[in-house]
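Keep in mind that the numbers below use all heavy atoms, side chains included, and drop hydrogens, waters and symmetry copies. Counting convention: from 1, in listed order, for ligands and their atoms alike.
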Amino acid sequence: MRLKMKIVVAGTGYVGLVTAVCLSTLGHNITCVDVDENKIKMLKEGKSPIFEPDLEEIMLKNKELITYTTDSKNAYRDADVIFIGVGTPEKKDGSANLKYVYTVAEEIGESLGKDAIIVVKSTVPIGTNDKVENILNKNKKDNIKIEVVSNPEFLAQGTAVRDTLHAQRIVLGVPSKHAENIMKQVYDGYGQPYVITDRASSEMIKYAANDFLALKISYINEIANLCELVGANIEDVARGMGMDSRIGDKFLNAGIGYGGSCFPKDTKALHWLANYYDYELKTIKAAIEVNANQKIKLLKKARKYYEDFEGLNVAVLGLAFKPNTDDLREAPSLYNIPILIDEGANIKAYDPIAEKNFRKIYPTEVTYCKSIGETIKNADICFIFTEWDFVKDMDISLFEKLMKKPIVIDGRNCFKLDKVQNYNIIYESIGRKSMIR
Ligand code: UGA
């Protein structure tokens, strides 16, 4: 029989909330803790503060099993297992800011009333779990035993629930067999394979995995740039490479670079950490540089047609850093739109999900539209920053019919070239030949 545990999750961001809600499907009693009263209020009303498919449905279905509170001390007191899932944002020098992790560790130490396992789920530099253990030991009562487990998260935004419930592995950096057994009870029912290791290796697995994927993207983007110069087609190249199982066909989509809250931050953090140890991670340094150039590639392409954008009607399709999320962190839209605004363009944008967040940054500088047609009507140029399904599935003839000048600069290769060639449009994409009719 499965053991039901009292599990507390600190932090209700992507990692914390998704971990908590998914663990409720195993029948555990879950308490979600956050310092943000607004978030907790929303969660208590059954609403998720983040847009993530399936999350709200499970929250509602399992509402008897999940409680939400800002009273962290009370929640930690009698927990069997406490997950730390708070943010580790980037500091100015590229290193990870660990103050939220350490503050939670202090509070847990002060509050614990019984033995417990503390699980670090946040992405943290190698050695952080040991520091968390020291903080807990300094703050806890003498008779209480704690063990710290590193258990990094591999979910991606937009598919977070599916990635958690069907993960390819659960990585556990454990200090003892006892801690390993407890963690296996926590996850009993997921049926996912375990990688059991020490804490430093577990911390490293997370960074090494994320940075490898970022490197793969920067690599395919460089090959795409070369394809443009030599007249090759990146999609065929990526397909030909990806069919070799040693390479794999995932993360070979060329585009305007990786964004989001993870790859940009985690590449810089590992590079910083290596420097700290007097070692230069040359591959990761290159991935970061390639990505920075890639993000503004569309504007460079557009300057073939317009020297600057003053007074031009510019249409933008997609604002989020990738589809199925409202997240704008490190989104290419945020690198390009400010330049367009500075140059005096009239910008119309369409992204039904990320619009709300974009409005907070640019409330008046951009006109937000309710359809693709409204966005591209009378436009002198159209930029595609996100490969939402509504863009990929759109009627390409609309560009021809509605735009003043049908120039489409696509940063996500949303359309097949043999389809585009049936229309009277100028189409620039990544790693493929320009279509000029
Ligand atoms: C990433 C990892 O995929 C997760 O495994 C990890 O758990 C997560 O970071 C994290 O550390 O929390 P995420 O940032 O949500 O997840 O999104 P991805 O789907 O990995 O995409 C990241 C960026 O790479 C996006 O901007 C996307 O457009 C770009 N990308 C991805 C490409 O440009 N090409 C590709 O082929 C794939």
Side-chain angles (χ1 to χ4, degrees), residues 11 13-19 50-53 85-90 96 121-125 151-164 166-171 203 205-225 234-235 237-239 241-242 247-270 287-288 290-292 294-295 297-298 318-335 354 384-388 391-392 410-414 429-431:
Y14 280 95
V15 170
L17 186 60
V18 175
T19 300
I50 51 171
F51 174 82
E52 197 57 57
V86 292
T88 53
E90 186 183 319
K121 241 203 185 308
S122 308
T123 300
V124 291
N151 173 214
E153 182 49 63
F154 300 98
L155 63 82
Q157 286 174 230
T159 50
V161 170
R162 193 181 71 205
D163 292 347
T164 305
H166 307 283
Q168 288 167 344
R169 77 294 206 194
I170 294 172
V171 173
E203 291 168 321
I205 287 170
K206 171 67 191 181
Y207 276 105
N210 266 11
D211 287 17
F212 184 78
L213 293 172
L215 189 60
K216 202 172 176 189
I217 296 168
S218 276
Y219 178 75
I220 202 68
N221 283 338
E222 281 223 286
I223 296 295
N225 294 343
I234 191 62
E235 272 174 346
V237 173
R239 193 155 45 90
M241 287 169 62
I247 297 173
D249 59 2
K250 308 278 190 307
F251 279 68
L252 284 182
N253 293 322
I256 36 172
Y258 57 78
S261 61
C262 308
F263 292 171
K265 153 176 95 71
D266 295 347
T267 42
K268 287 182 211 150
L270 198 63
I288 296 168
V290 169
N291 199 54
Q294 205 68 14
K295 278 203 171 139
K297 203 174 148 73
L298 291 195
L319 297 166
F321 85 92
K322 68 170 194 175
N324 296 320
T325 177
D326 61 357
D327 202 326
L328 292 172
R329 282 175 287 182
E330 295 290 328
S333 62
L334 282 179
Y335 282 78
I384 300 175
F385 292 133
T386 321
E387 70 278 33
W388 283 99
V391 181
K392 289 197 291 189
D410 178 1
R412 297 295 182 183
N413 291 357
C414 289
S429 54
I430 305 289

In a simple table, one pair per line, please give the protein and ligand 1 atom names for every N or O pair closer than 3.5 Å, along with the distance.
| unit_1 | atom_1 | unit_2 | atom_2 | d |
| --- | --- | --- | --- | --- |
| ligand 1 | 5 (O) | F154 | O | 2.8 |
| ligand 1 | 7 (O) | E153 | O | 3.4 |
| ligand 1 | 7 (O) | F154 | O | 3.2 |
| ligand 1 | 7 (O) | L155 | N | 3.2 |
| ligand 1 | 7 (O) | L155 | O | 2.7 |
| ligand 1 | 7 (O) | K206 | NZ | 3.1 |
| ligand 1 | 11 (O) | K206 | NZ | 2.7 |
| ligand 1 | 11 (O) | N210 | ND2 | 2.7 |
| ligand 1 | 15 (O) | Q157 | N | 2.7 |
| ligand 1 | 17 (O) | K322 | NZ | 3.0 |
| ligand 1 | 19 (O) | K322 | NZ | 2.8 |
| ligand 1 | 26 (O) | G259 | N | 2.8 |
| ligand 1 | 26 (O) | F321 | O | 3.3 |
| ligand 1 | 28 (O) | R412 | NH1 | 3.4 |
| ligand 1 | 34 (N) | N253 | O | 2.9 |
| ligand 1 | 36 (O) | L252 | N | 3.4 |
| ligand 1 | 36 (O) | N253 | N | 2.9 |

Under the salt bridge (charged side-chain N to carboxylate O under 4.0 Å, His left out) test, residues paired with K121 that sit two or more places apart = E153

In Å and rounded to the nearest 0.5 Å, what is the CG to NZ distance from N221 to K295?
-> 11.0 Å

More than 12 heavy atoms of other groups within 6.0 Å of Y219 OH = no

Taking every non-hydrogen atom, the tightest pair across R412 and F321 | NH2-O, 3.7 Å

Hey, could you give me the OG/CD1 distance between S218 and I223, rounded to the nearest 0.5 Å?
-> 11.5 Å

For the pair E330 and K265, find out whether any cationic side-chain nitrogen is under 4.0 Å from an anionic carboxylate oxygen.
-> no

